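Structure record follows, encoded as structure tokens.
In this text the structure is predicted, and so the values were computed from the model without any measurement.
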Amino acid sequence: MSLIFTPELIIEQIINGLTIGAIYALIALGYTLVYGILLMINFAHGEIFMFGAFGGYFILAWLFQSGFTEHHMILSIVMAFVGGMLVSSLLGIIVERLAYRPLRKAPRLSPLICAIGVSIFLQNIMMLFVKARILMYPDVFPEETVAIGPISISYFQILIISGSILMMAGLYVFVKKSKTGKAMRAVAEDKETAALMGVNVDRVIATTFAVGSALAAVAGVMVGMYYSQISHMMGFVPGIKAFTAAVLGGIGNMPGAMLGGYILGVAEALGVLVLPAQYKDVIAFSFLVLILIFRPRGIMGEVVAERA
């Protein structure tokens, strides 16, 4: 049976790819922010994304059961996002303080191993909390679509794509223009000199973890509402794919992480037109292998300070 690749089908798959790519990009920004400052890969970031999804779920489920969402749908969704962001930001700060800060001057392999351990620990904590169940997200967002000629796009896809672009643009402006953002860039350049100039390095690093974790939480709530279900294992594969997106665009490079996420999402969506859907993960990890072999600094180049 041959598949006819009509322009409408390809455009709809590109829209699907941009939707999942926006989620990858939001998670990838957390990897990029932490790597830019500490030169470490926070492999527990996928689990922080997962905790954000659960934080949003519990708030939305409570509001749904109380009947609040029936009359205040938009406010309920906003509260779910804010709740998820608070949970993930707090978790990110705790992980940085307890797991990574004591290893800041250790060999680079030590924080990496610690991050893997934190990832497994957080997975199991959530598994015990929810008793390894798959939870269904409350269905509060209308499933209506907008037709643009023969192309249809759902309202939630529009929300994910536009919302992620706004979040990423806000982060870029925050890092480039705000006082805290300038402090983050100063710490990334030289921690010792920044400290001598009066920058509270520990606070800046904690803020970096909080901001990256909040973006991951937004992605987590989006995934929960988009796919309607969450589990304690949901953070592993998106976390690895987001890491692939960060490497693809250029680790430490914020625009690169955004670009890498969208490229990876579109590549997966178009790939399932010629490969069985279960092979879509192969596409992502093939990108990772090829980038590491032929362009390890990524499409837009790695942006990190030299470590003395």
Side-chain angles (χ1 to χ4, degrees), residues 26-49 51-52 55 81-115 117-119 121-122 167-220 242-243 246 250-258 302-308:
L26 285 172
I27 306 171
L29 284 169
Y31 284 107
T32 283
L33 287 171
V34 171
Y35 188 85
I37 284 187
L38 293 179
L39 296 181
M40 67 161 285
I41 303 298
N42 178 20
F43 278 119
H45 195 59
E47 277 56 55
I48 291 173
F49 152 84
F51 265 75
F81 277 108
V82 172
M85 292 168 71
L86 290 174
V87 168
S88 286
S89 294
L90 181 60
L91 181 61
I93 292 171
I94 292 172
V95 167
E96 187 278 327
R97 180 64 185 88
L98 298 181
Y100 300 148
R101 190 177 298 182
L103 299 175
R104 199 174 290 169
K105 295 185 182 299
R108 289 174 66 173
L109 185 60
S110 298
L112 179 63
I113 295 172
C114 180
V118 171
S119 172
F121 175 77
L122 293 177
M167 293 288 291
M168 290 183 278
L171 174 67
Y172 189 81
V173 172
F174 171 75
V175 171
K176 294 296 182 182
K177 301 295 184 182
S178 71
K179 183 178 179 180
T180 303
K182 292 176 182 177
M184 290 166 63
R185 288 186 285 130
V187 171
E189 188 68 30
D190 190 319
K191 295 180 186 61
E192 288 75 18
T193 302
L196 290 173
M197 297 298 292
V199 175
N200 188 326
V201 173
D202 289 340
R203 182 182 299 171
V204 169
I205 292 175
T207 301
T208 303
F209 271 83
V211 171
S213 299
L215 293 174
V218 171
F243 169 66
I251 195 74
N253 189 319
M254 286 194 299
M258 302 175 203
E302 185 177 347
V303 180
V304 292
E306 295 292 332
R307 173 175 276 187

Under the side-chain contact (heavy atoms from CB on, under 4.5 Å) criterion, do Glu96 and Arg101 qualify, and how do the steps go? CA-CA 6 Å; Glu96 187 278 327; Arg101 190 177 298 182; 3.0 Å; yes

side-chain contact (heavy atoms from CB on, under 4.5 Å) between Leu38 and Lys191, intermediate numbers included: CA-CA 9 Å; Leu38 293 179; Lys191 295 180 186 61; 3.8 Å; yes

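Considering all non-hydrogen atoms of both residues, Gly84 and Ala217 come closest at O-CB, 3.2 Å. The minimum heavy-atom distance between Tyr31 and Ala242, with the atom names listed, is CE1-CB, 4.0 Å. Considering all non-hydrogen atoms of both residues, Arg185 and Lys176 come closest at NH2-O, 3.0 Å. Residues Ser110 and Leu103 come closest through the heavy atom pair O-CD1, 4.0 Å. In plain terms, the two heavy atoms of Pro255 and Tyr172 that are nearest each other are CG-CE1, 3.9 Å. Here the shortest heavy-atom pairing between Leu26 and Ala219 reads CB-CB, 4.0 Å.
Phe174 CZ: more than 12 foreign heavy atoms inside a 6.0 Å radius.
Val118 has its side chain out of reach of Glu47: every pair of non-hydrogen atoms, C-beta onward, lies at least 4.5 Å apart. A heavy-atom distance below 4.5 Å is found between the side chains of Leu33 and Leu171. A 4.5 Å side-chain heavy-atom check between Met40 and Leu112 finds every atom pair outside the cut-off.
Ring geometry for Tyr100 versus Phe209: interplanar angle of 30 to 60°, hence tilted.
We find the OG-CD1 distance between Ser89 and Ile94 to be 11.0 Å, quoted to the nearest 0.5 Å. Taken from OG in Ser213 to CG in Asn42, the straight-line distance is 7.0 Å, to the nearest 0.5 Å. Atom CD1 of residue Ile205 and atom CD1 of residue Ile37 lie 6.0 Å apart, to the nearest 0.5 angstrom. Rounding to the nearest 0.5 angstrom, the gap separating the CG atom in Leu91 from the CG atom in Leu86 is 12.5 Å.
The backbone N or O of Met254 sits nowhere less than 3.5 Å from a side-chain atom of Thr32 that would complete a donor-acceptor pair.
Within the structure, every pair that satisfies the side chain to side chain donor-acceptor pair (under 3.5 Å) test and touches residues 199-212, not counting sequence neighbours, is listed here: Arg104-Asp202.
Put simply, the residue from Leu29, Ile48, Ile27 that forms a side-chain contact (heavy atoms from CB on, under 4.5 Å) with Leu215 is Leu29.
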